[in-house]
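Heavy-atom basis, side chains included; hydrogens, waters and symmetry copies ignored.
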Amino acid sequence: MAWDEWEELKAKHEPTSMQLNSVPDGGGTYGPYVVPSKTGDLKVGHGDLVKIGKSAHELYNQLWDKARVSISSSDSAAGNLTKQGFDLGSGLQHVSNRWDEQLKSLMDACAQISNHMQTTKKVHAGDEHYIQRQMSSIDALDTGFDERVGEPGAKNNYGKQDKGEKPGG
């Protein structure tokens, strides 16, 4: 096909295009759309962080106590089956190794969540104290500027009386 023929075919057919004017309310696949201006700021309190950290720590302990128990018995059963000549032994050993890898990964994630919540709590507590100190020093400055010695609009005579000058001039 020559270039001229292509141009003629393009001219005969209308170009297909799509224009999206709006998004329907009600959301998509994963539920309603959340617009930040309608929901407000994200607020997480100290109690929320403590609950998340505690849950992660409890899950870590449960995984340590209950999920690791099956590894040694699975490994010994896999070894026993392999010695007896069953191919199932190598398959069971593979599953056991995979279980151990995934368990370690999950336990690491739980430990990171728990530690992060504790660190976040400490860091933000320090931030809160810093902000309060800064705001209180600004308040002290503001009150100093709001104090008036003379009438509004008149020259400030503050300090002139100490030098023996008359107020106002």
Side-chain angles (χ1 to χ4, degrees), residues 14-149 152 156 158-159:
E14 291 182 29
T16 58
S17 64
M18 182 173 82
Q19 181 178 358
L20 185 62
N21 291 331
S22 67
V23 176
D25 292 338
T29 307
Y30 301 107
Y33 295 111
V34 179
V35 181
S37 63
K38 292 182 181 178
T39 57
D41 291 333
L42 174 65
K43 294 181 182 178
V44 178
H46 174 71
D48 297 326
L49 296 177
V50 169
K51 287 178 187 175
I52 294 169
K54 184 179 179 188
S55 295
H57 186 69
E58 288 173 358
L59 179 58
Y60 178 88
N61 287 338
Q62 289 177 0
L63 290 171
W64 180 264
D65 293 340
K66 298 175 183 172
R68 291 181 327 118
V69 174
S70 63
I71 295 172
S72 59
S73 59
S74 298
D75 287 346
S76 64
N80 198 357
L81 286 169
T82 303
K83 284 181 188 175
Q84 294 178 24
F86 290 101
D87 290 337
L88 182 61
S90 63
L92 183 58
Q93 185 63 54
H94 175 75
V95 169
S96 177
N97 292 341
R98 222 31 210 149
W99 174 262
D100 190 38
E101 291 170 10
Q102 295 297 320
L103 180 62
K104 286 178 183 175
S105 214
L106 183 58
M107 290 176 69
D108 285 346
C110 289
Q112 286 180 353
I113 291 169
S114 178
N115 293 339
H116 183 72
M117 291 300 112
Q118 291 173 1
T119 303
T120 300
K121 180 175 60 175
K122 290 176 186 173
V123 166
H124 288 299
D127 290 345
E128 285 294 319
H129 294 301
Y130 174 77
I131 291 169
Q132 286 176 349
R133 287 193 313 268
Q134 295 302 315
M135 295 305 289
S136 65
S137 64
I138 290 171
D139 286 342
L141 284 173
D142 282 348
T143 57
F145 283 113
D146 288 342
E147 293 175 359
R148 296 202 177 270
V149 176
N156 189 355
Y158 184 76

* **Other residues, nucleotides, ligands: >12 heavy atoms within 6.0 Å of D65 CG** => yes
* Is there a donor-acceptor pair under 3.5 Å between the side chain of S55 and the backbone N or O of I52? -> no
* Identify the heavy atoms of W64 and M107 that sit nearest to each other, and give their distance. => CE3-CE, 3.2 Å
* **Flag, side chain of T82 to backbone of A78, donor-acceptor distance under 3.5 Å** => yes
* Donor-acceptor contact present, side-chain W99 to main-chain S74, <3.5 Å -> no
* Mind checking the NZ-CD spacing from K51 to E58? Nearest 0.5 Å is all I need. => 12.5 Å
* How long is the span from the CG atom in L59 to the CG atom in L106, to the nearest 0.5 Å? -> 6.0 Å
* Below 4.0 angstrom, N of the basic side chain to O of the carboxylate: do R98 and E101 qualify? -> yes
* Taking only Lys NZ, Arg NE, NH1 and NH2, and the carboxylate oxygens of Asp or Glu, determine whether D100 and K104 approach each other closer than 4.0 Å. => yes
* Asked: If you take all heavy atoms of I113 and A56, which pair is closest and at what distance?
  -> CG2-CB, 3.7 Å
* **Distance (rounded to the nearest 0.5 Å) between D87 CG and L92 CG** => 12.5 Å
* Taking the side chain as every heavy atom from C-beta outward, state whether Q93 and D75 have any atom pair closer than 4.5 Å. => yes
* **Backbone N/O of C110 and side chain of S114: donor-acceptor pair under 3.5 Å** => no
* Asked: Distance from D48 atom CG to M117 atom CE, nearest 0.5 Å?
  -> 10.5 Å
